[in-house]
Amino acid sequence: MKLDSMYQEVILDHYKHPHGRGLRDGDAEVHHVNPTCGDEITLRVKYDGETIADVSYEGQGCSISQASASVLNELLVGKELSQAQRIQDAFLELMQSKGQLEPDDAMEEVLEDAVAFAGVSKYPARVKCALLSWMAWKDATAKALSEGKTA
Amino acid sequence: MTDARQGLTGLLDTEAIRKDFPILDRTVHDGKKVVYLDSAATSQKPRQVLDALNAYYERHNANVHRGVYTIAEEATALYEGARDKVAAFINAPSRDEVIFTKNASESLNLVANMLGWADEPYRVDRDTEIVTTEMEHHSNIVPWQLLAQRTGAKLKWFGITDDGRLDLSNIDEIITEKTKIVSFTLVSNILGTVNPVEQIIRRAQQVGALVCIDASQAAPHMVLDVQALQADFVAFTGHKMVGPTGIGVLWGRQELLEDLPPFLGGGEMIETVSMHSSTYAPAPHKFEAGTPPIAQAVGLGAAVDYLTSIGMEKIHSHEKAITEYALKRLLEVPDLRIIGPTTAEDRGAAISFTLGDIHPHDVGQVLDEQGVAVRVGHHCARPVCLRYGIPATTRASFYLYSTPAEVDALVDGLEHVRNFFG
Ligand SMILES: Cc1ncc(COP(=O)(O)O)c(C=O)c1O
């Protein structure tokens, strides 16, 4: 069934057992909403020099947006900022591919569990759900940087 | 089939009606028949309306109120003929009380702007109050917020009860001597509630406030008689009543339309223009600046003819039966919570619900896979979601072409959703 390409096992797992959910101490906080559907996320980033010490979040939304936040936490925490930005770029490229991009080994290595979202990119209405936390992370990081919290 | 379907009375001959709506024959996802349950967002269009649009462009297209040549006069006659049809449809005392806009949102914004720029006694300013309700579509909230912000007027609203009705217990405190305008929806697009117009109007009249009714979810589904309603303004939108997009209506009482100032300026709405000042055409033209949506108005005229040929009372009975059946069947679904009235009493044909803690997006996606089209989200009525502490709902809505079998398809689909996320 086609639905399985969207709701990959990995995605449903992250949805049911989210990583790093809950708000913890951070350098900057943002609140993003998806106005078409009401999905919301509050997200905080904590940096330790150039290293992402924590990404904590709280929100409500569909399985795709919630799983995506969980995957983000798992992927980015502990990474250097420059590496995290490469992951974000790759994820964005995948999500904007309209289902045309077949992730290769190189991409899979960068994105790990996040490649499971390839199927979601076929559904324009859901791409925003998948990107919600990633956009929030980008925004929060910019905020933290401009406030000079990171080295 | 279930027992619940027995004893369903008042249904229309949907087999015949559905033949008029070509899109209802469509399939999606490898041959699944479309089960269209999103008429509250926009209705489907019958061939009669599509034909009227085509015929207008193929045979009569010209600008209106200008040319002296034959097809220009035909275009004008068709456009103004549509106004006559709409006036008859809503039992307006005069055709000049029917203003064409592009949708209900524009109609409501027009009222807000008329009042913002008006002289006494209509003028909304710092010392006055505007009243609306918590169950409005954003289209009937935001224009009033804008007006309040710009004039300094105070915006007040009626809350909602736990079972999805307007809370009018404090009506005398909400509508006061300071109130200039009370604007509320006749039928809620998210809860389905039909509101008690009479009680609100009585109080508004007591204090001399104007009343504006958003009839977007009423005009398509029930007899709409503006004289019986006794409101001052009534707004609705063509695309929800089997008409095309791009056409809406504002009905207003004649003396008000004479007194109130225009909002948009342009061609068509003037009498004379000099570089220093202008005088205005009488209503409705005073409020229709520029080339109007001509084909769309003609299409709306055809829509009104179509609905009238079936009969608004029959359409209402049909929807009531379908809604009753749908409520009964939905309440059988485990973990399903209806947001809004749970009986068909004083209720329209839009039913919002939540399904356990499965997010409406996910519900809608799995239903779509089975061909069932529902709306998910906050339905442009976010305050309602906040009121009930939910992020969003799934909404199924019915119309004259909806069938009990489509309700069954929805309920079967929901079973599938529960298994998928169970
Ligand atoms: C109750 C209500 N009011 C207003 C509107 C706005 O209609 P439109 O978007 O056509 O302006 C809608 C429909 O979306 C509605 O359901």
Side-chain angles (χ1 to χ4, degrees), chain A residues 1-18 21 31-43 57-71 95 98-99 116-133 135-136, chain B residues 27-32 38 41 137-139 141-142 189-190 339 352-395 413-422:
Chain A
M1 190 182 44
K2 274 227 285 309
L3 268 186
D4 294 333
S5 80
M6 169 180 296
Y7 295 113
Q8 301 267 328
E9 221 29 67
V10 185
I11 294 182
L12 292 177
D13 265 357
H14 274 279
Y15 173 49
K16 287 172 189 162
H17 311 286
R21 200 183 160 88
H31 180 73
H32 276 211
V33 300
N34 181 351
T36 47
C37 56
D39 284 358
E40 299 193 17
I41 190 165
T42 303
L43 182 142
Y57 62 94
E58 195 57 79
Q60 51 185 18
C62 64
S63 57
I64 302 298
S65 72
Q66 298 302 294
S68 177
S70 166
V71 168
M95 292 322 296
K98 303 191 166 74
F117 288 84
V120 177
S121 71
K122 276 184 272 190
Y123 298 81
R126 305 305 291 277
V127 168
K128 276 194 206 152
C129 309
L131 286 178
L132 184 68
S133 54
M135 292 303 167
Chain B
T27 57
V28 291
H29 301 307
D30 308 325
K32 295 209 183 61
D38 197 19
H137 188 279
H138 295 165
S139 293
I141 298 176
V142 184
N189 69 310
I190 177 167
I339 308 296
S352 272
F353 57 86
T354 58
L355 188 62
D357 55 11
I358 307 172
H359 194 277
H361 265 192
D362 295 317
V363 175
Q365 196 82 55
V366 177
L367 287 177
D368 174 62
E369 196 68 15
Q370 296 155 85
V372 179
V374 294
R375 174 94 185 262
V376 299
H378 50 47
H379 316 287
C380 297
R382 188 162 175 271
V384 173
C385 290
L386 293 176
R387 162 67 177 80
Y388 292 104
I390 49 176
T393 76
T394 303
R395 180 187 71 188
L414 290 173
E415 190 53 39
H416 199 73
V417 173
R418 293 184 61 246
N419 292 334
F420 195 89
F421 290 101

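The sequence lines fix the lettering, A, B, ..., with proteins before strands; numbering per chain opens at 1.
The CG atom of Asp4(A) sits 8.5 Å away from the CD atom of Glu369(B) when rounded to the nearest 0.5 Å.
Remark: Lys16(A) NZ is packed, more than 12 non-hydrogen atoms of other residues, nucleotides or ligands lying under 6.0 Å away. For Asn419(B), the CG atom sits in a packed shell: over 12 heavy atoms of surrounding residues, nucleotides or ligands are nearer than 6.0 Å. The number of heavy atoms from other shown groups lying within 6.0 Å of NZ (Lys128(A)) does not exceed 12. Enclosure of atom CZ in Arg382(B) is not indicated, since only 12 or fewer non-hydrogen atoms of other residues, nucleotides or ligands lie within 6.0 angstrom.
At a 4.5 Å heavy-atom cutoff, the contact between Glu40(A) and chain B is made by side-chain atoms alone. Proximity to chain A (any heavy atom under 4.5 Å) is shown, for Val363(B), by neither the backbone nor the side chain.
Using a 4.5 Å cut-off on side-chain heavy atoms (C-beta onward), Gln365(B) and Ile64(A) make no contact.
Taking both residues in full, the closest heavy atoms of Asp362(B) and Tyr7(A) are given as OD1-OH, 2.8 Å, listed atom of the first, atom of the second, then distance. Closest of all the heavy-atom pairs between Tyr15(A) and Ile358(B) is OH-CA, 4.5 Å. In plain terms, the two heavy atoms of His361(B) and Cys62(A) that are nearest each other are CB-CB, 3.4 Å.
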